[in-house]
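See below for the structure under consideration.
No experiment lies behind these values; they were computed from the predicted model shown.
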Amino acid sequence: MTLLERIRSPKDLLALSQDQLTSLAAEIRAFLITNVSRTGGHLGPNLGVVELTIALHRVFDSPHDAIVWDTGHQTYVHKLLTGRQDFSRLRQRGGLSGYPDRAESEHDIVESSHASSSLSWADGISRAYQVTGQTDRHVVAVVGDGALTGGMTWEALNNISDDNNRRLVIVVNDNGRSYAPTIGGLARYLNEVRTRRTYRDMQRGSQRLFDRFGRGGRAVYRGTRGAMHGFLARFVNNERMYSNLDIKYIGPVDGHDEAALENALEQAKHYELPALVHVITEKGRGYAPARADEADLFHAVGVIDPETGQSLSAPSGARDWADVFGQSLADLAQQDRRIVGITAAMLRPVGLAQLADRFPERVIDVGIAEQHAVTSAAGLAYGGLHPVFAVYATFLNRALDQVLMDVALHRAGVTFVLHRAGITGPDGASHHGMWDLAMLQIVPGMRLASPRDGATLAEELAEAVAVVDAPTVVRLPKGAVPADVPALERLSDGVDVLARGDAQDVLVVAIGVMTAQGLEVSRLLAEHGVGVTVVDPRWAVPIAASLIDLAAQHRLVVTIEDGVRVGGVGTRLRQDMRAAGVDTALNEVGLPDAFLPHAERGEILEESGLTAPRIAADILDQLAGTKLPAARPAEQPARS
């Protein structure tokens, strides 16, 4: 058996020698490269925390001591050391989650993978231990330097320092990056610490002794450098960062020196009050292809060749939504100098790299700070610009108050481009962008578009940035952009009619890429003699008047959306139909109000009843088993 195969729980680590721990770290890296290359996943972040994770589990007694991982995508090593070594279906249905998962292990505490929340969790857990007399239990929060750009981190630090009679350890995993290089004043400060001569000399001295005397030489060096660590701690504390927070500082520590990590964590553990350990790591450590990828150091990969790092995914020939959006926005910015792009530490994933290449001064990276991004956008709009905040749909959830009170209340012309809207698949519950359609409808004045293809994306983005007195949203799914779906006709209020049957039995209102299901439903129903009209509203919110007219002309209305049914577009259409006195029956087809696990997008859609055969069968059952009223005559909607 390999060393890794012998590890069934963190307690098994305690029996290993220092040489064995070094070998174990090498085995783990080899395991990650081999296995993640087959399934895809977050490779770079996990290669960077191997020694840190080993040290954490040797110093602390999980789950008696609670270890909270910020974002959680760097917990693959943690899974391996807590008895989960079957990575064959990582991030696939029935396999391991790519994030902490309470259903998998008692060692997983926090499942949410949104950044900057770990210190608040740790604050609450440590207070609970204190109040309930569980004074022998420690809480450890592992937070990246990128997550320190988030406001929640600093709110938590303020409260942690207010009551410091707790066993709480904060580990700052400082690799100079979030998804991409960390930006801002904090990043500059940490970079100064990371590159100070004192720290670099410590590292070089350790390496020189190791080269000359082997591991014994390094051990001698460790025994004499405690005073240097203390000096650095005082030096950093006396500068800016933690001097007024009453939080003990230890570091910086080499994040790939397991013994040094244990020493620092033991110091922090025995303070018996809040302490911060500053650990410097390398994202993608030990894997040359990752280290050579300066863009994101293999932050997340698909199926790759483990030797070369080259993608093995079959090229589809289609561009993805981020690429098409990026090109469209850069072209618009060429014509309109008001346009500026905003990203929350995800320049490339959200498609703003093209704008940054062409107009670098017109792209703002705020770090992992979505709330700040939204309110700053309101200020940019007030100053005469038109900000376009490109962000994953799930992450805009964090800034709803700012969308409401800073943008909408002030009628600011801000465009939100929501990437990975709808079902995203392997990243699971916290990454599905399934709440935006319901959540953003409550925002007064909101206009929300959902393109079905590349052509409508370009159109709707141009229409969105032309709005100067209200917020606009353009939502984009994950994956490749489908072939353009031409409309039979466009009605005067912008609704596209995509198909018309011989009779006006069913009106299908399909939102965005769900038009593919809508058109297939039309084909399937036509085989049973049912006439179907399929429309794409283009702008799902507010409800177009022509939809109300069309609803009155059909026996049944079916809305299809890849958001939650509760409060979705179907609910909004039903309300507007009722207000107009239209009593046509309406079926809302969408996602359940539940946290959906990781699986392929198609698998989740099938389980949720969002496939064309299932929708068509349900419509046939309703038409056959229910006496639906005949549609009343109405004027044909005006056509452009």
From [X] [atom1] over to [Y] [atom2], what is the distance, rounded to the nearest 0.5 angstrom?
{"X": "Asp70", "Y": "Ser120", "atom1": "CG", "atom2": "OG", "value": "9.5 Å"}
{"X": "Leu418", "Y": "Asp436", "atom1": "CG", "atom2": "CG", "value": "5.5 Å"}
{"X": "Gln85", "Y": "Asn35", "atom1": "CD", "atom2": "CG", "value": "10.0 Å"}
{"X": "Ser62", "Y": "Ile67", "atom1": "OG", "atom2": "CD1", "value": "4.5 Å"}
{"X": "Glu51", "Y": "Leu56", "atom1": "CD", "atom2": "CG", "value": "11.5 Å"}
{"X": "Gln371", "Y": "Leu400", "atom1": "CD", "atom2": "CG", "value": "10.5 Å"}

Does a salt bridge link [X] with [Y], judged by any charged N lying under 4.0 Å from a carboxylate O?
{"X": "Arg91", "Y": "Asp427", "value": "yes"}
{"X": "Glu459", "Y": "Arg490", "value": "yes"}
{"X": "Asp101", "Y": "Lys79", "value": "no"}
{"X": "Glu463", "Y": "Arg447", "value": "no"}

Under the 3.5 angstrom rule, does the side chain of [X] hit a backbone N or O of [Y] as a donor-acceptor pair?
{"X": "His528", "Y": "Leu620", "value": "no"}
{"X": "Gln354", "Y": "Ala330", "value": "no"}
{"X": "Gln441", "Y": "Gly567", "value": "yes"}
{"X": "Tyr287", "Y": "Pro306", "value": "yes"}
{"X": "Arg574", "Y": "Leu586", "value": "yes"}
{"X": "Gln74", "Y": "Val49", "value": "no"}
{"X": "His419", "Y": "Val391", "value": "no"}
{"X": "Asp536", "Y": "Arg538", "value": "yes"}
{"X": "Asp505", "Y": "His554", "value": "no"}
{"X": "Glu561", "Y": "Val569", "value": "yes"}

I want to check something: taking the side chain as every heavy atom from C-beta on, are [X] and [Y] in contact at a cut-off of under 4.5 Å?
{"X": "Val534", "Y": "Thr515", "value": "no"}
{"X": "Ile368", "Y": "Thr153", "value": "no"}
{"X": "Val564", "Y": "Trp435", "value": "yes"}
{"X": "Leu457", "Y": "Val474", "value": "yes"}
{"X": "Val513", "Y": "Arg452", "value": "no"}
{"X": "Val473", "Y": "Val443", "value": "no"}
{"X": "Asp108", "Y": "His78", "value": "yes"}
{"X": "Arg285", "Y": "Val50", "value": "no"}

Which heavy-atom pair separates [X] from [Y] by the least distance, and what is that distance?
{"X": "Gly422", "Y": "Arg475", "answer": "N-NH2, 3.4 Å"}
{"X": "Ile543", "Y": "Arg572", "answer": "CG1-CG, 3.5 Å"}
{"X": "Ala510", "Y": "Pro537", "answer": "O-CD, 3.3 Å"}
{"X": "Pro451", "Y": "Leu476", "answer": "CG-CD2, 4.0 Å"}
{"X": "Met446", "Y": "Val541", "answer": "O-CG1, 3.7 Å"}
{"X": "Gly609", "Y": "Ile615", "answer": "O-CG1, 3.6 Å"}

(message) Go through it in stages, so that I can follow the logic: the residues are Leu80 and Leu32, the test is side-chain contact (heavy atoms from CB on, under 4.5 Å), and I'd like the CA-CA distance, side-chain angles, deciding distance and then a yes or no.
(response) CA-CA 10 Å; Leu80 290 173; Leu32 292 174; 4.2 Å; yes

(message) Please evaluate residues Thr456 and Asp453 with respect to the criterion side-chain hydrogen bond (donor to acceptor under 3.5 Å, both in side chains), reporting the C-alpha separation (whole Å), side-chain torsions for both, the decisive distance (0.1 Å), and the verdict.
(response) CA-CA 6 Å; Thr456 53; Asp453 53 30; 2.8 Å; yes

(message) For His114 and Thr394: C-alpha separation, side-chain torsions, deciding distance, then whether side-chain hydrogen bond (donor to acceptor under 3.5 Å, both in side chains) applies.
(response) CA-CA 9 Å; His114 290 190; Thr394 184; 3.0 Å; yes

(request) Determine, stepwise, if the pair His431 / Phe395 fulfils ring pair (Phe, Tyr, Trp, His ring centres under 6.0 Å). (result) CA-CA 8 Å; His431 270 58; Phe395 297 147; 5.6 Å; yes

Is there a donor-acceptor contact under 3.5 Å linking the side chains of [X] and [Y]?
{"X": "Glu588", "Y": "Thr571", "value": "yes"}
{"X": "His73", "Y": "Thr71", "value": "yes"}
{"X": "Asp618", "Y": "Gln622", "value": "no"}

(message) Show me the pairs that pass side-chain hydrogen bond (donor to acceptor under 3.5 Å, both in side chains) and involve residues 598-612, at least two apart or across chains.
(response) Arg93-Glu607

(request) Kindly indicate, with the supporting measurements, whether the criterion side-chain contact (heavy atoms from CB on, under 4.5 Å) is fulfilled by Val403 and Phe389. (result) CA-CA 11 Å; Val403 173; Phe389 180 27; over 6 Å; no

(message) I'd like to know whether Val77 forms a side-chain contact (heavy atoms from CB on, under 4.5 Å) with Leu81, so could you lay out the CA-CA distance, the side-chain angles of the two residues, the decisive distance to 0.1 Å, and finally the verdict.
(response) CA-CA 6 Å; Val77 185; Leu81 300 181; 4.2 Å; yes

(message) Counting only heavy atoms not in Glu307 (residues, nucleotides, ligands), do more than 12 fall under 6.0 Å from its CD?
(response) no

(request) Please step through side-chain contact (heavy atoms from CB on, under 4.5 Å) for the pair Met346 and Leu352, ending with a clear verdict. (result) CA-CA 8 Å; Met346 301 190 77; Leu352 286 178; over 6 Å; no

